[in-house]
Amino acid sequence: MINKQAIGIFDSGIGGLSVAKAINTLLPNEALIYVADTHYAPYGDKTDTFIYQRMRVITEQLIAFGAKALVVACNTATTAAIDALRKEFSLPIIGVEPGVKPAVQVSESKIVGVLATPRTLLNPAFATLAQRFAAQASILLQPCPLLVPMLEKMQVDAQSLEPVLKHYLAPLIEQGADTLVLGCTHYNFLAEQIASIASTLAGKEINIIRTEMAVAKQLQHRLQHAEILNTALLANANIKLYSSGDLALFQRQVQHFWQTEATVLAL
Ligand code: DGL
């Protein structure tokens, strides 16, 4: 079956591109429309009310562009207001949550570190998630407020990143964490650096938990269930990437973080 509508995906900025990339790998027959809300990034220092307003505006825009399903490719936005968004809009909506469950499963020390934005970690929805696993493991929380702004500015050279990552990772390793959850989609682009610095600090290999492929699989399941999954290649299954911010910068970000032929457009 061929459904010409696209999958709408959004994030405060480039983080959700890691999710879009996984969706494109798993579901190459689907057209994708991505919105980076760069003008308002980071969401991590905004209120839930503000984030929800942006989620509504972007969802309406993506529906107007022809989205058949929506992926909130942002942990901060998911914890802030995905329930309210689902009540308001009837299309399938998939969110992103820090992978605490898989982390607890693989951790041998049963000490797990969660790296995320301050807003995600302070949210009651995250507290409920962490609470579910509190009996099985110690869940250490590490807010990383500098990372999203650095990635958005493409300050990703080793010299800039290393001291910041060490500052965030050292306390987790000192407390015995052997597994780290990347609880912000932006951090997927730092997975290798985080793994390398954490493993060096620990003197052994540290597990890194990312969730973008699990999100892509969940989307596949929801599309199948709603009978809107493309089982054959759509003639123009293209990828359109929109940004509400500086388009020249967005173009450079996309080239650096994805290397795709996708069209880059102003929102
Ligand atoms: N990628 C977003 C997340 O997963 C970043 C949020 C922000 O803009 O602070 O949380």
Side-chain angles (χ1 to χ4, degrees), residues 11-19 21-22 41-45 73-76 78-79 96-123 126-127 129-131 133-134 136-215 253 256-257:
D11 180 32
S12 63
I14 52 163
L17 287 175
S18 59
V19 180
K21 212 167 157 177
Y43 282 173
D45 60 10
C74 174
N75 295 261
T76 310
T78 300
T79 46
V96 184
E97 267 183 355
V100 178
K101 185 180 176 178
V104 169
Q105 279 166 353
V106 301
S107 172
E108 279 178 20
S109 67
K110 295 297 170 205
I111 303 173
V112 164
V114 182
L115 309 168
T117 68
R119 182 117 310 258
T120 296
L121 297 177
L122 286 171
N123 198 289
F126 175 75
L129 171 72
Q131 198 57 39
F133 300 97
Q136 295 164 49
S138 297
I139 315 287
L140 310 176
L141 309 186
Q142 180 60 64
C144 307
L146 294 177
L147 295 183
V148 171
M150 286 179 78
L151 282 155
E152 287 295 327
K153 282 186 247 154
M154 296 193 61
Q155 243 181 343
V156 287
D157 56 291
Q159 215 186 342
S160 313
L161 273 174
E162 248 184 62
V164 178
L165 289 178
K166 273 189 185 147
H167 172 75
Y168 291 143
L169 299 175
L172 300 173
I173 300 302
E174 274 161 26
Q175 290 173 81
D178 68 351
T179 304
L180 301 176
V181 177
L182 305 190
C184 168
T185 51
H186 279 75
Y187 306 168
N188 291 327
F189 293 119
L190 300 176
E192 278 169 30
Q193 291 95 321
I194 291 172
S196 151
I197 291 176
S199 300
T200 305
L201 288 169
K204 62 173 183 182
E205 204 170 318
I206 296 294
N207 305 309
I208 303 292
I209 305 296
R210 321 165 50 156
T211 55
E212 66 267 46
M213 203 30 94
V215 172
Q253 291 169 328
H256 183 85
F257 292 111

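Just so it is clear, the model here is predicted, and its values are computed rather than measured.
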Side chain Q175, main chain P171, donor-acceptor under 3.5 Å: yes

Approximate separation, where rounding is to 0.5 Å, of D178 CG and L172 CG: 11.5 Å

Polar side-chain atom of T185 near backbone of A73 as donor-acceptor pair, under 3.5 Å: yes

Nearest non-hydrogen partners of A116 and G183, listed with the distance: CB-O, 3.5 Å

Minimum side-chain heavy-atom gap C184-L147 below 4.5 Å: no

Approximate separation, where rounding is to 0.5 Å, of T117 OG1 and F126 CZ: 10.0 Å

Any L180 side-chain heavy atom under 4.5 Å of L169 side chain: yes

K204 side, atom NZ; I206 side, atom CD1 - distance, nearest 0.5 Å: 5.5 Å

Heavy-atom closest contact (I209 atom, V106 atom, distance): CD1-CG2, 3.9 Å

Closest heavy-atom pair and its distance - A191, L182: CB-CD1, 3.9 Å

Results of salt bridge (Lys or Arg N to Asp or Glu O under 4.0 Å) for K110 - residues two or more places apart only: none

Donor-acceptor contact present, side-chain T179 to main-chain N207, <3.5 Å: no

Side-chain touch P98/T120, heavy atoms, less than 4.5 angstrom: yes

Beyond-backbone contact of F189 with L17, side-chain heavy atoms, under 4.5 angstrom: yes

Q131 CD: over 12 foreign heavy atoms closer than 6.0 Å: no

Note, R119 side chain near D45 side chain (heavy atom, < 4.5 Å): no

Closest non-hydrogen atom pair between V112 and S107, with its separation: CG2-CB, 3.8 Å

Heavy-atom check, side chain of D11 versus side chain of H186, under 4.5 Å: yes

Main-chain N/O of L146 paired with Y168 side-chain donor or acceptor, under 3.5 Å: yes

Gap separating the NZ atom of K101 from the CD atom of Q136, nearest 0.5 angstrom: 9.5 Å

Side-chain heavy-atom pair E152, Q253 within 4.5 angstrom cut-off: yes

Heavy-atom pair of closest approach, residues S196 and T200: O-OG1, 2.8 Å

Flag, side chain of Q155 to backbone of L161, donor-acceptor distance under 3.5 Å: no

Pair V181-I139, side chain to side chain contact (heavy atoms under 4.5 Å, CB included): steps then yes or no: CA-CA 10 Å; V181 177; I139 315 287; over 6 Å; no

I197 and E162, any side-chain heavy atoms less than 4.5 Å apart: yes

N/O donor-acceptor pair under 3.5 Å between T79 side chain and N75 backbone: yes

Shortest non-hydrogen contact between Q193 and L165, atoms and distance: CB-CD1, 3.8 Å

Atom pair CZ/OG of F257 and S18 - distance to nearest 0.5 Å: 10.5 Å

Donor-acceptor pair, side chain of K21 and main chain of E212, under 3.5 angstrom: no

